[in-house]
Protein chains: 2
Amino acid sequence: MSESERPAGYDPRDYDPVSVTVDVVALTIRDGALHVLLVRRGNPPYAGMWALPGGFVRGVRDAEDLPDAAVRELAEETGLNAEQGQLERIHLEQLGTYGTPGRDPRMRVISVAYLAFAPELPDPKAGGDAADAAWVPVGRLGLTDGGDQAPGTTRRLAFDHAQILVDGLERARGKLEYTPLATAFCAPEFTVPELRAVYEAVWGEELHAGNFHRKVLSVPGFVESTGTTSDRGGRKGGPRPKLYRAGDARLLHPALLRPSREEEIR
Amino acid sequence: MSESERPAGYDPRDYDPVSVTVDVVALTIRDGALHVLLVRRGNPPYAGMWALPGGFVRGVRDAEDLPDAAVRELAEETGLNAEQGQLERIHLEQLGTYGTPGRDPRMRVISVAYLAFAPELPDPKAGGDAADAAWVPVGRLGLTDGGDQAPGTTRRLAFDHAQILVDGLERARGKLEYTPLATAFCAPEFTVPELRAVYEAVWGEELHAGNFHRKVLSVPGFVESTGTTSDRGGRKGGPRPKLYRAGDARLLHPALLRPSREEEIR
DNA sequence: ATAATAGTGTCTCTGAGACAGTATCGG
DNA sequence: CCGATACTGTCTCAGAGACACTATTAT
C-alpha cells in the first residue's frame, strides 16, 4: 500500500473517486441447455439492453463483503429468495475484476465479477432496477471467444458484460474438468445420465455414455450411491438409472478432461 | 448495474466511498529457492512490517488500467525500471480481489491482487513509500495453508497479505502444471535441469531427473532446441546440458501433474 | 415389436513412473 | 580416479477411448 504519503486521517472522498460494483454470471441448466441469468436495463446507459445482474457494493455504511454483495444483487434483481432456500445450494466463486477506464461511459467503475452455479431455478421476477429478468440460453447469444457478437446477432450485452460472460463460461468449462462442480447443477439426488447432460451442456459437445459412466464411478469421492433407483427410465426408453449423491471429493483425480482441445494449445 | 435509481449526473463522491488498490505477488527464483518481493512499511498502520508492494489505482485523473497500476507499483517501490527492460519479460496475471470490510483498519479498501513471475532480477531499491524492499525466500515466511503464520515465526505480513501470498503461491503451483509458465522464471535460453529447478523450487519437492527430462521434451511446443550446448556441466560435474528456448505452446498437453496431492483431494 | 437407453466387458494405445545403464563432466 | 550429472532405454501399470454386448424401459 502506498497511501502513507497521505495524511493519516485521509478521506478517500477527497481523492480519486472510484466506484465498485459486483456483477454476477449465474449459470444453470434448463431443458438440457446452459442458461445465463440476464436482466434488461431500465435506464441509460444501455437502456433496454440485456446485462448481467449486479450493482454497487455497499462500501462504508452497512459495509458488506464482496460475496455478500453478489448474493444480494442476485436476490434483489431476480426475486429469488433465501427464505425458500433458493440461494442455499448456489455455488459462488470470484471470477475476476474488470476495471478498464471507459468501460462505463459515465464514470470510473471497477467491477468484481462473480460466477454462480445453480440447479434448475424458477423464472426470475424482475426487481430492483431491472425492467426484466430471464434465464437466457447461452447458445443463442452468439458469443465468440473474444467476447464480441457473431455476425447477424442482434442481441448484445451492456458494458463489457459479453467479455465477462465469455470468461465465466471458460472458467466453468475448466472447473468441470477437475472439480465436482457439475453436481452443483443437479438436484440433491441425480443419475449419471443427468450428470452427463450437465457436462454436455456446459462443454457443448456430446460425450460417450458408456465411458463417461465408468469414469464417473471410478473417480474417488465424486458421487456416492443412494442405493435407490430413479422411478423412470430414459426419455425414450431404457432401464431406470441408479440415483447418486455428491461425494466428498473437492478435486477430481484423475480429472475428466475435455476431448480434443488441440486448437487451444498453441 | 443497479445505479439507475440514482440521478443521471450521479457523482460517486457523494455516495459510498471505496478505495481501490493493487497489490502484487511478485515471484522469482534465486539460488534455487522461490522468493517473493516484499517491502517494509514506513508508516502506520503496520509500520515496520513487511507487506506486498502495491498502492492506489489512479481512478479518474490519469485513469489507468489495473494491470498498468500493478506494473507501476512494482516499478515505483522497487526501483526496477522499464528502460532496462527489467519489466519486459515479466508475466503478469490477475490473482483475485480482496475486499472484506476491516481488512484495512482505516477505511474501506478493496484490493485487486496481481501475480507476477520474473526471471532472476537485481536486488530492489526501496522507493516510493517503502522503507525497504527485498526478495524474501518464501520458505522462511512460515506460511501455512490458511495464510496464518506458523508457531514461532516472528515475521508477519501487513493486512491480509499473508493470505494473498498463499493464494498466489497456490495459483503459481497450479499454473506450472498446465502452462509453460515455468519458462518465465528462466533466462531466454535455458537447460532442462534449470527448468527442473524451477519446478522443484515452486512445488517444493524433488522431481525425478530422467523422467522430467523425457516428459518436457515430449510435450509439443513446451521447449524448442537452440542446437547449442551450455558451456559448463552441472555444478558437481556431468555432461554439458543442451540449451532450449520457450516454445509456442500456451497450454501443456499432456500436463505435468504434481506428484502425490492426495491430501488436497478431499 | 422397435428403438433408445443404462450399464458392463474388453481391447488398444498413451503416458507416468520406477529403474537401469551409458557417456560426460568437475574436482 | 571418483562421484555427480545429463540423458536414454525399458518395463510395468493406470487410465482414456473405441467398440461390443446385454438388459430394461418408453412408445
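A, B, ... follow the sequence lines: proteins, then strands. Residue 1 opens every chain. Note that this is a predicted model, so its numbers are computed, not measured.
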Worksheet entry | Donor-acceptor pair under 3.5 Å, B:R214 side chain vs C:dG15 base | no

Worksheet item: If you measure from the Lys or Arg side-chain nitrogens to the Asp or Glu carboxylate oxygens, is any gap between A:E205 and A:R196 under 4.0 Å?
Response: no

Worksheet item: To the nearest Å, how far apart are B:L217 CG and D:dA6 P?
Response: 13 Å

Practice prompt. Provide, to the nearest angstrom, the distance between the NE2 atom belonging to A:H208 and the C1' atom belonging to D:dG15.
Written response: 15 Å

Worksheet, complete the sentence: Whichever of B:D231 and B:H253 has the more 5' nearest nucleotide on DNA chain C, that residue is B:H253

Worksheet item: Going by atom types alone, do A:D23 and A:Y98 pair a side-chain donor with an acceptor below 3.5 Å?
Response: no

Discussion item. Could you walk me through whether A:K125 and A:D132 satisfy the salt bridge (Lys or Arg N to Asp or Glu O under 4.0 Å) test, starting with their C-alpha distance in whole Å, then the side-chain angles of each, then the deciding distance to 0.1 Å, before giving a yes or no?
Written reply: CA-CA 7 Å; A:K125 295 172 273 227; A:D132 196 2; over 6 Å; no

Worksheet, complete the sentence: Separation of D:dA4 atom P from B:R232 atom CZ, nearest Å, is 16 Å

Fill in: A:R89 and A:E120 ion-paired at < 4.0 Å
no

Worksheet item: Donor-acceptor pair, B:T28 side chain versus B:A118 backbone, under 3.5 Å?
Response: yes

Worksheet item: Using 30° and 60° as the class limits, which term best fits the ring planes of B:Y199 and B:F222: parallel, tilted or perpendicular?
Response: perpendicular

Under 3.5 Å, which N/O atoms of the protein pair with N/O atoms of nucleotides 4-6 of chain C?
| from | atom 1 | to | atom 2 | distance (Å) |
| --- | --- | --- | --- | --- |
| C:dT5 | O4' | A:G237 | O | 3.1 |
| C:dA6 | OP2 | A:R196 | NH2 | 3.1 |

Practice prompt. Let me know the distance between CG of A:L195 and P of C:dG7, rounded to the nearest Å.
Written response: 12 Å

Worksheet entry | Whole-Å gap separating C1' (D:dC13) and CG (B:N211) | 14 Å

